[in-house]
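Keep in mind the model is a prediction, meaning the values are calculated, not measured.
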Protein chains: 2
Amino acid sequence: MPIMNELEDFLALKHRFIPQLSVDCVIFGFHNQQLKVLLLKLKNLDLWALPGGYVEQSEGIDDAAQRILEERTGLRDIYLEQFRVFGSADRSTKEFIQKIMEVHHPESMNEPWVLQRYVSIGYYALVDFSKVNPTPDFLSEYCEWFEMKQLPKLAFDHREIIQKALETLRITLDSKLIGSNLLPETFTMMELQSLYETILETPLRRNNFQRKMLSLDILERIEKLYTGAANKAPYLYRFKKS
Amino acid sequence: MPIMNELEDFLALKHRFIPQLSVDCVIFGFHNQQLKVLLLKLKNLDLWALPGGYVEQSEGIDDAAQRILEERTGLRDIYLEQFRVFGSADRSTKEFIQKIMEVHHPESMNEPWVLQRYVSIGYYALVDFSKVNPTPDFLSEYCEWFEMKQLPKLAFDHREIIQKALETLRITLDSKLIGSNLLPETFTMMELQSLYETILETPLRRNNFQRKMLSLDILERIEKLYTGAANKAPYLYRFKKS
DNA sequence: TTATTATTGTCCCATAATGAGATAATAACA
DNA sequence: TGTTATTATCTCATTATGGGACAATAATAA
């Protein structure tokens, strides 16, 4: 889809979107034993931002988030959870929006609400890192993964949003089956443990972690994985279809 | 505050509120061993609704919720948690709003967004039942407590919102100190247990519940409560100031 | 072929948390 | 003084968890 069409779409219908409401997505991936977040580099600004967008008048908020996710990753039916609304009075979005818009899209200033304070619904998404095709939107130049530990300079209150998303992920780690969305189809027990350790930022014991995971009765043990290393080959697992 | 002033305030400033965004509060109280919710009877309609309202342009969403809570209960600094946003495409608010507004406040129809679909941020609040002074707003005739088990006919998707609030309350029961907000200053162990049983809808064992609560080291044991009944008098407790 | 090495998969035991019944304490009343 | 209805504890079996030990094994070195 050509970028200019997106902008035209954006401005075409005066009342296409719910004003002053946006959706921001914290997209988590797991690669090389590290938790990553997908971010957009804003045009002509030394700032990065979360993938986000407006909610169409005829669209549910969850659908808006799914649409935004699909546009940035190429994936459909992504695991998605609403986790918090950011709407404090001092969200100083005005200066940012002004900077972003005035450079390339001064036309959008005709919508007065574009410059007002936003209330943003935060979603977090879990994706299989290897399947994502990062795609920038019409406000951004690049779309890239960043390691959670080394985030770049972020626009708005997006650093706080990412932080809150991670906290929510930690709390829900046990009740939701986080692993099944962040890992590829098959994986070793060490990879699963490594994911938990990365999210929780705490080391876990191999024996107890394995016992716990197997007792949950959610994993299927497949064949062994021969890595070529000089040691016992680990089993591969997959999540049971429920 | 006279009711008419509220309406005038409401319509005075064209751009006072964020359009199509509302806040709905599920206010929980505990009385006679029962969990209660505060509801408003809509004027000229056989329907009840959650206390709610719009968010002012210069106001944080949490502040909006606190303001609404204060108006309906007379209480300040209420315990409050955001729990979910309701914004599916098929929230059929339009017919309701039309019915409500056309009877008494057709002027408000001049704001076109008043009739559009709303995205509503759900909050739940915990209050000391005995301290609340229920006060209707300009759209409602009465403001009353209802037992969770016997809710009346509700407007919009408010029944679903209440249900989700209760589910969230159950999940967070252990991590947040729910009791300290729903109970009066002092209480017996049985009253605390009864609160837990009501929220969880499951019976608990007296001995194990007491052991658990005391082990948390959050309760202070005060004097005994002589009820006049022919049996051992229970201790009174209060939550420790932290 | 055999020993070595780095991991992986289990096992075992001490300790902590939980479920469930039993017992002791006591305030009012018969 | 005994009875009764509760409340507060105690005890014991079961389950979950923390932490160390050991056996299995895939490649490599001897």
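- Residue order along DNA chain C, read from the 5' end via each residue's closest nucleotide, puts A/Y237 first among A/Y237 and B/R206.
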TODO: Let me see the working for A/F239 and A/F187 under ring pair (Phe, Tyr, Trp, His ring centres under 6.0 Å), right down to the final yes or no.
DONE: CA-CA 9 Å; A/F239 283 89; A/F187 48 87; 5.3 Å; yes
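- Taking 4.0 Å as the cut-off between side-chain N and carboxylate O, B/R170 and B/E167 do not count as a salt-bridged pair.
- For the pair B/K212 and C/dA17, the criterion of a side-chain N or O lying under 4.0 Å from OP1 or OP2 is not met.
- For the pair A/N208 CG and D/dA21 P, the computed distance is 14 Å after rounding to whole Å.
- Remark: the A/N207 side chain and the C/dG9 base include no donor-acceptor N/O pair separated by less than 3.5 Å.
- We find that CD of A/E223 is positioned 17 Å from P of C/dT8, with the value rounded to whole Å.
- Here D/dG19 presents its P atom at 16 Å from CZ of A/F209, a figure rounded to the nearest Å.
- Summary of the strand contacts: A/R211 and A/N231 both lie near DNA chain D, and taking for each the nucleotide with the nearest heavy atom, the more 5' one is attributed to A/R211.
- The OH atom of A/Y196 sits 13 Å away from the P atom of D/dT17 (whole-angstrom rounding).
- For B/R205, counting side-chain heavy atoms from C-beta on, the closest listed nucleotide (D/dA8, C/dG9, C/dA20) is C/dA20.
- For B/M190, taking side-chain heavy atoms from C-beta onward, the closest of the listed nucleotides D/dT7, C/dT8, C/dA22 is D/dT7.
- When the nucleotides D/dT7, C/dT8, C/dA20 are ranked by their closest atom to the side chain of B/P234, D/dT7 comes out on top.
- Remark: A/R221 fails to qualify as a cation-pi partner of A/Y237 under the 6.0 Å distance and 45° angle criteria applied to the six-membered ring.
- To the nearest angstrom, C1' of C/dG19 lies 16 Å from CD of B/Q210.
- For B/E191 and D/dT6, the CD to C1' distance is 14 Å, given to the nearest whole Å.
- The six-membered or imidazole ring of B/F83 lies away from that of B/Y123, with a centre-to-centre distance of 6.0 Å or more.
- Atom NZ of B/K232 and atom P of C/dT23 are 16 Å apart (whole Å).
- Separating the CG atom of B/L204 from the P atom of C/dG21 is a distance of 15 Å, rounded to the nearest angstrom.
- Aromatic ring centroids of B/F129 and B/F28 lie 6.0 Å or more apart.
- Checking D/dA30 for Watson-Crick or G-U wobble geometry (two distances, each under 3.5 Å) identifies C/dT1 as its partner.
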